[in-house]
J.: 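A single structure is presented below for examination.
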Protein chains: 2
Amino acid sequence: MGESRRERLNRDRVLDAAVALADADGLDSVSMRRLATELGVVPMALYKHVADKDELLDGMVDVALGEVDAELPGPVDAAGWRLAVRGRILAARRVQLRHPWLRRVLETRTTRTPMVLAYTDALIAGFRSAGFSDPLTHHVMHALGSRIWGFTQDLFEDVNQPPPDPASFELLATAFPHIAAVAGVAVHDDGTVVARGCDDQFEFEFALDLLLDGIARLHDQGWLPPAR
Amino acid sequence: MGESRRERLNRDRVLDAAVALADADGLDSVSMRRLATELGVVPMALYKHVADKDELLDGMVDVALGEVDAELPGPVDAAGWRLAVRGRILAARRVQLRHPWLRRVLETRTTRTPMVLAYTDALIAGFRSAGFSDPLTHHVMHALGSRIWGFTQDLFEDVNQPPPDPASFELLATAFPHIAAVAGVAVHDDGTVVARGCDDQFEFEFALDLLLDGIARLHDQGWLPPAR
DNA sequence: ACCTGAACACCGTTCAAGT
DNA sequence: ACCTGAACACCGTTCAAGT
């Protein structure tokens, strides 16, 4: 992880190192001090290349979002709005799976970098060019919400927790029978209790298609804003 | 904000003070040291009542979720699954609006307190008692995701940002015309550009109903898991 | 122009001590 | 049983100085 301390520091090297550090050791490891150590430099040296930690985080977001285009499934403009939107979101999801910290950073950021705006603009263009009205496009973007970044927005950070010991499963199953049933908890013949994990990709596409189905229906029905 | 330092500390006083502090000054203000000062006590005194900061945060979640029941719109079991689910989620949303820090805490927490599980169990019960199959209920809960807590899951933390100066609006409108159009940016007769904020409650209910419509349709059609 | 060193005002938490 | 004091290993960042 140590880098050669020969070459001059620059903004890109700082951002790339921050992304690599977050990928490898998690977002909490990305401190100005730790990052400086990683680059073989004193903490204050970083401040010549990023104004402060906020700007570092913004820069990391841009690095990650810059990878989305390469994931796009080719020209889909002629294939209809639905494939275009779906393809772009699933491309973002692939990027996000490579950079798990992206979600937490993007969600706490308030600054909207040009990269963030460009991505959003492209998605919105997908709806508008298919004849969606501006109000409908507006609401539909809100309904998709942070799912446009490929985020799972699940109830819990880690749906596929390491299975707890059988005893606590029994406890869960008696105290919260509905959760147990729906979590896919199965009682085997020998009395042992297990839960199978979720297929995250399936759940994501299920939810995305549920939304896109509803959106298509509203558009086809000529949805109009409520009178008031 | 200073509290009488007469009465003995206990877990509830610590948690209530933490919630009050987060409500008033934001989550970032809730440090063990600051909280101790608020309670007129030395930082280490808190550790007799919560094991560490994680347990403090879990406790804060429980305090907030404990307020949901009081927000429920009365018995709705007979009114059908849709009103029950919708009512519970909108009740959670009202609680969340009083405690804006809840979202960030709940999303970063990995421990699932009994309160969190009880809330989830009640929602799931709403679907199952209406005859939803366990697999469909499972996917449907994932699709709702963190929206079950009344979270908006918007693209950005603060959709209704303070309007930037007109000059940057012009810039935005030329660089990202689709965003500008859909954001409700309007060019007035005198050439000035303004954007109206969103109605958060409308957007939330629009998205929730879009999902519930889709869910109802799948259930009515007798949705079955894909063969494999 | 770029990097360094020392310092400031913060964190969460451990450990040994007080009452 | 409950609270305290001093300490440790961390933060982000400012300021003045080095090359």
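By convention in this document, chain letters (A, B, ...) are assigned in the order of the sequence lines, proteins followed by strands, and residues within each chain are numbered from 1. For clarity, every value in this text was computed on a predicted model and none was experimentally measured.
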J.: Would you indicate which nucleotide in D:dC3, C:dG5, C:dC2 comes nearest to any side-chain atom of A:Val42?
T.: C:dG5
J.: Can you name the residues that form a ring pair (Phe, Tyr, Trp, His ring centres under 6.0 Å) with B:Phe132, not counting sequence neighbours?
T.: B:Trp81, B:Phe127, B:His219
J.: Looking only at side chains, do B:Arg11 and B:His49 share a donor and an acceptor under 3.5 Å apart?
T.: no
J.: Quick one: B:Asn10 CG to D:dC2 P, roughly how many Å, whole number?
T.: 10 Å
J.: Between B:Asp28 (CG) and C:dC10 (P), how many Å, whole number?
T.: 14 Å
J.: Can you tell me how far P of D:dC2 sits from CG of B:Leu39, to the nearest Å?
T.: 16 Å
J.: Summarise how protein sits on nucleotides 11-19 of chain D as a single string, 5' to 3': B when a protein heavy atom is under 4.0 Å from the base, S for sugar-phosphate-only contact, - for no contact.
T.: BBBBB----
J.: Quick one: side-chain hydrogen bond (donor to acceptor under 3.5 Å, both in side chains) partners of A:Asp58, sequence neighbours excluded?
T.: A:Arg109, A:Thr111
J.: If a pair satisfies ring-ring contact (aromatic ring centres under 6.0 Å, His included) and one of its residues is in residues 96-115 of chain B, list it, with sequence neighbours excluded.
T.: B:His99-B:Trp101
J.: Do the side-chain N or O atoms of B:His49 get closer than 4.0 angstrom to the phosphate oxygens (OP1, OP2) of D:dC2?
T.: no
J.: Going by side chain to side chain contact (heavy atoms under 4.5 Å, CB included), name the residues that satisfy it together with B:Ala207, two or more places apart in sequence or in a different chain.
T.: A:Ala143, B:Arg147
J.: For B:Pro43, give me all partners under side chain to side chain contact (heavy atoms under 4.5 Å, CB included), at least two apart in sequence or on another chain.
T.: B:Arg33, B:Ala36
J.: Mind checking ring pair (Phe, Tyr, Trp, His ring centres under 6.0 Å) for B:Phe202 and listing every partner two or more places apart, or none if nothing turns up?
T.: A:His139
J.: Sequence neighbours left out, what passes side chain to side chain contact (heavy atoms under 4.5 Å, CB included) with A:Leu97? Give chain and number order.
T.: A:Arg93
J.: Dot-bracket for DNA chain D, 5' to 3', counting Watson-Crick or G-U wobble pairs under 3.5 Å, with [ ] for crossing pairs and | for inter-strand pairs?
T.: ||.|||||...|||||.||
J.: Given atom CG of A:Leu46 and atom C1' of C:dG5, what is their separation to the nearest angstrom?
T.: 15 Å
